[in-house]
Every structure is written in C-alpha cells, then in structure tokens.
S.K.: 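Handing you this structure, nothing more for now.
Predicted model only: the values in this text are computed from it and were never measured.
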Amino acid sequence: MVRTLPDPRFERVGADLWSTRELPVADAVLGTELLVATPDGTANVTVPPGTQPDTVLRLRGKGLPHFGGERRGDLMLRLRVRVPDRLSLEGRRLYEQLRRIEQ
C-alpha cells in the first residue's frame, strides 16, 4: 500500500485540485502572467485584464488522475485580489489620480 501525505498547496475534491493565489490590484486590473504550482511542476497561467476578486481559472488536466482511468482532473485556481492596507504617499497620490480619472 502506498500512502502519500497531503500537499498543503492544494485542496483535493475528487480528482480536482483547488489552490488559492493572491493577486495585487494592479495585476487584476491590467492582467498578468503567473507561474502556478501543479502536482507535476509548474504551469504558465494568463490572468486576463479586469479579473474580479474570487475569479476561478480552470487548468484542464492539471489535477490528479481519475481512479482506474487515464484522464486527469483539473486544477482550479482561485484568485484573491489583494487590496493594500497601507500606502506610500506616492501610492496614495496615484490612487487618488485614478479615482479622478474614473469619475
């Protein structure tokens, strides 16, 4: 019998895996590329511009093998948008400028 310890980077739901990643506000607004851990290494993920908090991106076939089959589950990547709780003077100035632009 082979037993493996759970991987703290993932939550398992059947053959699917769930992972959460924090994303700075600027990356959610503008989009970005991420390197994401998978059971087999890493994968490049494109985060589209305008990504909203708690968006879930599906990485097909990057989960665990289905029991008794050749197919694999998916890796579900939940994106948490990180809003800064402290700003530098320059950061505050830029956010205020952005607010004026968007009104």
Side-chain angles (χ1 to χ4, degrees):
M1 170 187 240
V2 176
R3 292 192 80 158
T4 59
L5 297 174
D7 188 325
R9 299 174 299 176
F10 307 110
E11 180 181 326
R12 182 179 177 181
V13 179
D16 294 334
L17 296 175
W18 283 79
S19 181
T20 300
R21 181 82 172 256
E22 282 196 352
L23 195 63
V25 170
D27 287 345
V29 171
L30 300 173
T32 191
E33 296 287 325
L34 299 176
L35 268 181
V36 175
T38 73
D40 300 318
T42 58
N44 288 317
V45 176
T46 300
V47 177
T51 294
Q52 299 298 307
D54 290 325
T55 292
V56 175
L57 301 178
R58 178 187 303 263
L59 285 70
R60 294 196 186 279
K62 298 293 185 183
L64 299 174
H66 285 274
F67 183 74
E70 295 181 18
R71 290 185 330 129
R72 292 182 70 109
D74 299 330
L75 174 61
M76 311 300 280
L77 179 64
R78 175 174 284 121
L79 299 174
R80 304 264 187 201
V81 177
R82 185 177 63 240
V83 177
D85 55 358
R86 285 183 238 126
L87 292 172
S88 66
L89 289 175
E90 176 69 6
R92 181 168 183 84
R93 185 185 67 74
L94 290 170
Y95 273 106
E96 287 171 350
Q97 182 179 0
L98 179 62
R99 180 167 47 191
R100 283 191 303 274
I101 291 169
E102 292 184 345
Q103 289 180 351

S.K.: Decide, yes or no, whether a salt bridge links Glu96 with Arg93 under the criterion of side-chain N to carboxylate O below 4.0 Å.
M.R.: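 Arg93 and Glu96: not salt-bridged.
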S.K.: With ILVMFWY side chains joined below 4.5 Å, transitively, what does Val45's cluster contain besides itself?
M.R.: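 The other cluster members (ILVMFWY side chains, heavy atoms under 4.5 Å, direct or chained) are Phe10, Leu17, Leu23, Leu34, Val36, Val47, Leu57, Leu59, Leu64, Leu75, Leu77, Leu79.
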S.K.: Sub-3.5 Å donor-acceptor pair from the side chain of Glu102 to the main-chain atoms of Arg100, do we have one?
M.R.: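 It does not hold such a pair.
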S.K.: Would you compute the distance between atom CG of Leu98 and atom CD of Gln103 and round it to the nearest 0.5 angstrom?
M.R.: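 Rounded to the nearest 0.5 Å, the CG-CD separation comes out at 10.0 Å.
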S.K.: Mind checking the OG1-CZ spacing from Thr38 to Arg9? Nearest 0.5 Å is all I need.
M.R.: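 Reported value, rounded in 0.5 Å steps: 7.5 Å.
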S.K.: I need the minimum non-hydrogen distance between Gly63 and Pro39, along with the two atoms involved.
M.R.: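 So the minimum-distance heavy-atom pair works out to O-CG, 4.3 Å.
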S.K.: Distance check, rounded to the nearest 0.5 Å: Arg78 atom CZ versus Ser19 atom OG?
M.R.: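 Reported to 0.5 Å precision, the distance equals 10.0 Å.
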S.K.: Can you name the nearest heavy-atom pair linking Ala15 to Pro65, along with the distance?
M.R.: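 So the minimum-distance heavy-atom pair works out to CB-O, 4.2 Å.
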S.K.: Minimum heavy-atom separation for Lys62 to Ala43, with atom names?
M.R.: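 Looks like CE-CB, 4.5 Å.
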S.K.: Mark yes or no for whether Asp74, through its side chain, and Asp16, through its backbone, hold a donor-acceptor pair below 3.5 Å.
M.R.: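 No; zero donor-acceptor contacts below 3.5 Å.
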S.K.: What's the shortest heavy-atom distance between His66 and Arg72, and which atoms?
M.R.: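 Closest approach of His66 to Arg72, heavy atoms only: CD2-C, 3.7 Å.
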S.K.: About how many Å separate CZ of Arg80 and CZ of Arg21, when rounded to the nearest 0.5 Å?
M.R.: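 CZ of Arg80 is found 14.0 Å from CZ of Arg21.
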S.K.: Count I, L, V, M, F, W, Y as connected when their side-chain heavy atoms are under 4.5 Å apart, and connections chain through other members. Are Leu89 and Val83 then in the same cluster?
M.R.: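 Different clusters.
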S.K.: Going from CZ on Arg71 to CZ on Arg60, what distance comes out if it is rounded to the nearest 0.5 angstrom?
M.R.: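 If I round to the nearest 0.5 Å, the distance is 10.5 Å.
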